[in-house]
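This report refers to the structure that appears directly beneath it.
Remember, predicted model here, so these are calculated numbers, not experimental data. Numbered from 1 within each chain, the chains take letters A, B, ... in sequence-line order.
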Protein chains: 2
Amino acid sequence: MSKKQLIMESALELFAQQGFDATSVQQITEHAGISKGAFYLSFKSKDELINGLIDHFMLSLISDIDQVVKNHETHTELLYEFYQAAFHTFQKHSDFAKIFIKEQSKTPNEELISKIHHYDKLIDNIILGMLDRIYSEENSQTRYDLIYCVKGFIHTYSHLILFFNVPLDLHTLSRSLAEKTALLAKHSETTFITEELYHTINEPFHVHVTKEQLLEMIEQKIEEVDDSTLKESLNLLKEQMIEPSLSPAIVKGLILNLNNHPACKQIAYLIQDCLEV
Amino acid sequence: MSKKQLIMESALELFAQQGFDATSVQQITEHAGISKGAFYLSFKSKDELINGLIDHFMLSLISDIDQVVKNHETHTELLYEFYQAAFHTFQKHSDFAKIFIKEQSKTPNEELISKIHHYDKLIDNIILGMLDRIYSEENSQTRYDLIYCVKGFIHTYSHLILFFNVPLDLHTLSRSLAEKTALLAKHSETTFITEELYHTINEPFHVHVTKEQLLEMIEQKIEEVDDSTLKESLNLLKEQMIEPSLSPAIVKGLILNLNNHPACKQIAYLIQDCLEV
DNA sequence: TATACTAATGACTGATTGGTCATTTGTCAA
DNA sequence: TTGACAAATGACCAATCAGTCATTAGTATA
């Protein structure tokens, strides 16, 4: 096992128990039996480790499920097989699943939030593809609602699997959920998530923000905030967006000023994206 | 508004944005426009604030929903009214709902975990009571599964309400979920969560651990751990449980030793409970 | 005005954090 | 045995944290 893998597995265990913030690099290195310096030979930072973990296990989880769904030819048992695959993967990588289910994406790590959003969309597509294959056009009115129901089922029942030490019959669970999903697909008629709503939600918000819109948002934010440092930082960044004149270090510093204030984190991220810092 | 309320509301806003760990007391006091010292006149610690917040808003949320369910006499619209109440409360207290939904209970705050578990059980009972009232004995086979489905529905759709800034028609959503719940109640036949399983899960685990069982668990843990400090601490605490001889300060210190190691936190909590430190 | 009291402050402490880097250790070929 | 290089170490640093406490500001009574 490579050192990187060793660190990742040690870290995963601790992250699942304590969360990202509450687990220190020191703890991880002690648990892995290496020194702190050795950690930083494998990873540039703690954030890089976290991002690496998410990428690695998320892709593994998604490809596991995707493979099962894609390779299953008959439609009769597809739902059952899907749930089986999902829950067995969760059980296999239970430490990661715990992190995934809790979605404790409250760390000031913007990259991680968009990463999770991205993987969430991949999962949506797997489920949607599966539902369309089984019900083709029958459930066109409720297909997006069905995605959310399936995800809701998985979420609640995963709690049982992950956080209680009781032996569970995943076969029966998958049967039960396949039955429920089929019931909803066939008989549910009320549409809540329309095609339009679904796409509004899933458009990555920052792609839609044009430079002009962002400038307006900055204007508005300047009015909102009280702190003079924030006001000035926003003003300078606004001018920088119109006509670049400041050095990269100054721009970075100004963005850091914004990041220090929670209400400005969102806009800081957008500005950073726009200025390509 | 009292100072306590002012702090709680300021804190809630920041907690919803950043989580408990990532929000410092300094930030809270700045946001509330008071000094750090003033904070500690109202709350003994940050943990006390967090626990107070959970208690206050959780009780408010639960009683809101409970009142609607209890006061609704006809059964025909009860499911719809329940979902309406739930989602409207979430929208009203959206900051708290964000915290509640994320359940970021990874803080090393054992009291908080059992608190959340307690409130979760209260919610279960409201849902179960409602389902039994509507379907009386019809759905005795699937009543516990239905609780989990209802909670799953609420969880997934709450994401839309809380984390996307899109205008949503909660009326249609509640209609849609009432329809789905009714479908499952009437036609779903497979039982996964049996009466027995449900009770196993909901018994607070530590009540079940007798002194003898705990002693055995300590024995086992001594074998598992490598660290000599942990081994010795466990041994001393084991002897303390059999025949008390150490001073409270020493016992506290030994338990702290265990708490420093994530794999021993669970057992540390149980020992602490048993020795009544 | 003087006194007594509470409310509020913010500089300070000790602990912990993520991250660095001069130093040591281990492993080769020559 | 030597020397050159890479791998690994852990003392150290600046930053940040929760929490404290000597001090000050504000207010009411005499």
Item to complete: Mind checking side-chain contact (heavy atoms from CB on, under 4.5 Å) for A/Asp64 and listing every partner two or more places apart, or none if nothing turns up?
Response: A/Thr89, A/Lys92
Discussion item. Return a single string for nucleotides 10-21 of chain C, one symbol per nucleotide in 5' to 3' order, where B is base contact, S is sugar-phosphate-only contact and - is none, cutoff 4.0 angstrom on heavy atoms.
Written reply: B------SBBBB
Worksheet item: C/dA8 C1' sits how many Å from B/Leu6 CG, rounded?
Response: 14 Å
Worksheet item: Does the B/Ser10 side chain pair with the main chain of B/Ile7, one donor and one acceptor, at a distance under 3.5 Å?
Response: no
Practice prompt. On the 0 to 90° scale, with breaks at 30° and 60°, tag the A/Phe96-A/Phe57 ring pair as parallel, tilted or perpendicular.
Written response: parallel
Worksheet entry | Between D/dA18 (C1') and B/Asn51 (CG): distance, integer Å | 16 Å
Worksheet item: Looking only at atom types and distance, does a side-chain atom of A/Gln240 sit under 3.5 Å from a main-chain N or O of A/Ser245, one as donor and one as acceptor?
Response: yes
Worksheet item: Between B/Ile28 (CD1) and C/dT9 (P), how many Å, whole number?
Response: 16 Å
Practice prompt. Fit a plane to each ring of A/Phe15 and A/Phe20, take the angle between them on a 0 to 90° scale, and name the class: parallel (under 30°), tilted (30 to 60°) or perpendicular (over 60°).
Written response: perpendicular
Worksheet entry | Cation-pi check, B/Lys46 onto B/Tyr40 ring (under 6.0 Å, within 45° of axis) | no
Item to complete: Give the rounded distance in Å between these two atoms: CG of B/Leu41 and P of D/dG19.
Response: 14 Å
